[in-house]
Amino acid sequence: MCGIVGAVAQRKISGILIEGLRRLEYRGYDSAGLAVISPDNSLHCIRTVGKVQVLDDAEELSPASGTVGIAHTRWATHGKPEERNSHPQLSGKNIAIVHNGIIENFQELKDEQLAKGYVFTSDTDTEVIAHLIHEQWQADGKDFFSTVRKVIARLEGAYGLAVINTDTPDRIVVARSGSPIVIGVGIGENFIASDPSALGQVTDRFIYLEEGDVAEVSRDSIRIYNGKEKVSRKPVRLHLDNDEVLKGNYRHYMQKEIFEQPEVIRNTLSGRISKSHVLEKSFGIKAQEILDKVKHVQIVACGTSNHAGLVARYWIEGVAGLPCTVEIASEYRYRKVLVPENCLFITISQSGETADTLAALRYAKELGYCGYMTVCNVANSSLVRESDFSIMTFAGREIGVASTKAFTTQLAVFAVLSIALAKRNGLSAEDEKKYVDDLNQLPLIIEQTLALDDAIRELSHDFGEKHHALFLGRGAQYPVAKEGALKLKEISYIHAEAYPAGELKHGPLALVDADMPVIAVAPNDELLEKLKSNLQEVSARGGQLYVFADTQAGFQNNAGLKVINVPHSSEFLDPVVYTIPLQLLSYHVAVLRGTDVDRPRNLAKSLTVE
Ligand code: M6R
């Protein structure tokens, strides 16, 4: 989603703002802008369409020399990516605002402002907030903090916002409701951002605003209110590893992140399994109390994280013997849900800020589950803070919009969790050891699977000119096929769909001809023979098959079938292993087609609006 940065300092801050935006660019990159209060108390505002570099170039031509300012990188919701729709949005000569989220009652407020004579120059919902603040300030004119608080009480929807006023040039007012805002605490200077990673170059101390918080940030003071109540929020220290965000020798972040998987899976498993069993204490006391009660599991997530949930269902039902349901968060949150007894509610999210998933958690809390757990990659994120306990994926920061290492580390967590739940359901020590042996082998098998990179790059040439592709899998490989199709469409813009292979004959087979590549994942599992029959149906219709198969699965190359042998793994962990070649395939196809691999069009890394 969009990114916000701001600074109140004694030094020139335009460089800090632009560097912060660069670090947030993975969240939104249609357009960017900044507004800085100049030494003569006027607003110096620059807005550009395109990436942050364009803003940087514009600022070089028209340098902003002030010490207080706000900046924004945008992922368009209301209004096209045009200069007039970029943020900051202004009102009068004194008010500038940047905003993430969506104001749901903006039309009603806009009509009201139009009737009062305000002229709108953008199609954004944000401009209405600027005019409301301007109007309120004209009426109050004393305490800008209280002006902003009065205005936001009228807003419906989700927002994280930051606003400056040249009449009170020493402060920024920020507010959080449904979209995160942090304050970066410095020495004699303070900062604000929608994500702490924007501020890693200036501070390591952060205050996370809670829902409903409004704060006034000046160089040497921070005032926070929640409603009418003054509140105090403790700063936390975060070690944001700047090296981690460098691409190193890789061409794209996505490529780097694919190749990091052996290491991050090792990190995620470390301390959670020994040579023979699951180390449950690593989940924490609260987790153990809750897990002891669980008789049913409800998983809710979006996108790739939802696919991790779909794989997890096979493990929670197949290994742990507990019923498990998985749902897309944006559907769950608006549905009348019946909650089974002793049901554990689990959210999965790389970012921990996905608006639909967060709303689903809040709704679930109203319904009453026996506990709320999240599998997440960002410590201190909203989902982590609002859940009873979390099991973190130690994937490190994921920059590529297309999720890769976050997905496989989520699977690693669920593999461990399903063994822990299975033990409560009578799993023998001997069987536990077998599963744990498989897990201990996993990083090595992933390393071996990554060695397919050259062969898959070669194969990607077959897809360069294609417009569609079908992905097939059976059992726990079906969600893997779904994830493969999502990756391909996300970054190469090829239309791709996934089906359970047995479903082909019920409709999608009509699409198969020589122009439709069909990609199948074929580990040597109990459904292999069934899958082979389904693939015959494709061959018989002249379809071109690409089969990622276990070395022992017995596939032979022929004119209509290309086999890519995947290292042998266990049936338990095949879903993790078979994900890797599909990630590599989508990556190489996207590179071949010349798309923006790390920042695919129309998408954002963290969706903090509905
Ligand atoms: O941060 P989250 O895991 O909650 O994000 C959920 C989805 O938006 C995300 O997985 C999305 O589908 C990715 N771009 C997939 O690569």
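We count ligands from 1, going down the list as the structure has it; atoms in each ligand are counted the same way. The residues of the chain are indexed from 1 along the displayed sequence.
Among the atoms of S305, some N or O lies under 3.5 angstrom from an N or O of ligand 1.
In summary, the atoms of ligand 1 found under 4.0 Å from a heavy atom of S349, numbered by their order in the structure, are 1 (O), 2 (P), 3 (O), 4 (O). Near K487, the atoms of ligand 1 lying under 4.0 angstrom from a non-hydrogen atom of the residue are 15 (C), 16 (O). Each of the atoms 10 (O), 12 (O), 15 (C), 16 (O) of ligand 1 lies under 4.0 Å from some heavy atom of T304. Taking every non-hydrogen atom of A402 and a distance limit under 4.0 Å, the qualifying atoms of ligand 1 come out as 16 (O). Near V401, with a cut-off below 4.0 Å to any heavy atom, the atoms of ligand 1 are 13 (C), 14 (N), 16 (O). Here is the list of ligand 1 atoms found below 4.0 Å of a heavy atom in E490: 13 (C), 14 (N), 15 (C), 16 (O).
A salt bridge does not link R335 to E331: none of the charged side-chain nitrogens sits closer than 4.0 Å to a carboxylate oxygen. Salt-bridge formation is detected for the pair R233/D213: a Lys NZ or Arg NE/NH1/NH2 atom is positioned less than 4.0 Å from an Asp or Glu carboxylate oxygen. D195 has no carboxylate O lying under 4.0 Å from a charged side-chain N of R397, or vice versa, which leaves the two without a salt bridge.
Aromatic ring centres of Y332 and Y363: separated by under 6.0 Å. Ring pair F463/Y546: centre-to-centre distance below 6.0 Å. A ring-centre distance under 6.0 Å is found for H252 and Y587.
Of the heavy atoms in E353, none comes closer than 4.0 Å to ligand 1. Using a 4.0 Å cut-off between heavy atoms, T354 contacts ligand 1 through its side chain alone, with no backbone atom that close.
Heavy-atom proximity to atom 6 (C) of ligand 1, evaluated over A301, C302, G352, is greatest for C302.
Residue S418 is tested with V297, V278, I316 for a side-chain contact (heavy atoms from CB on, under 4.5 Å); the sole match is I316.
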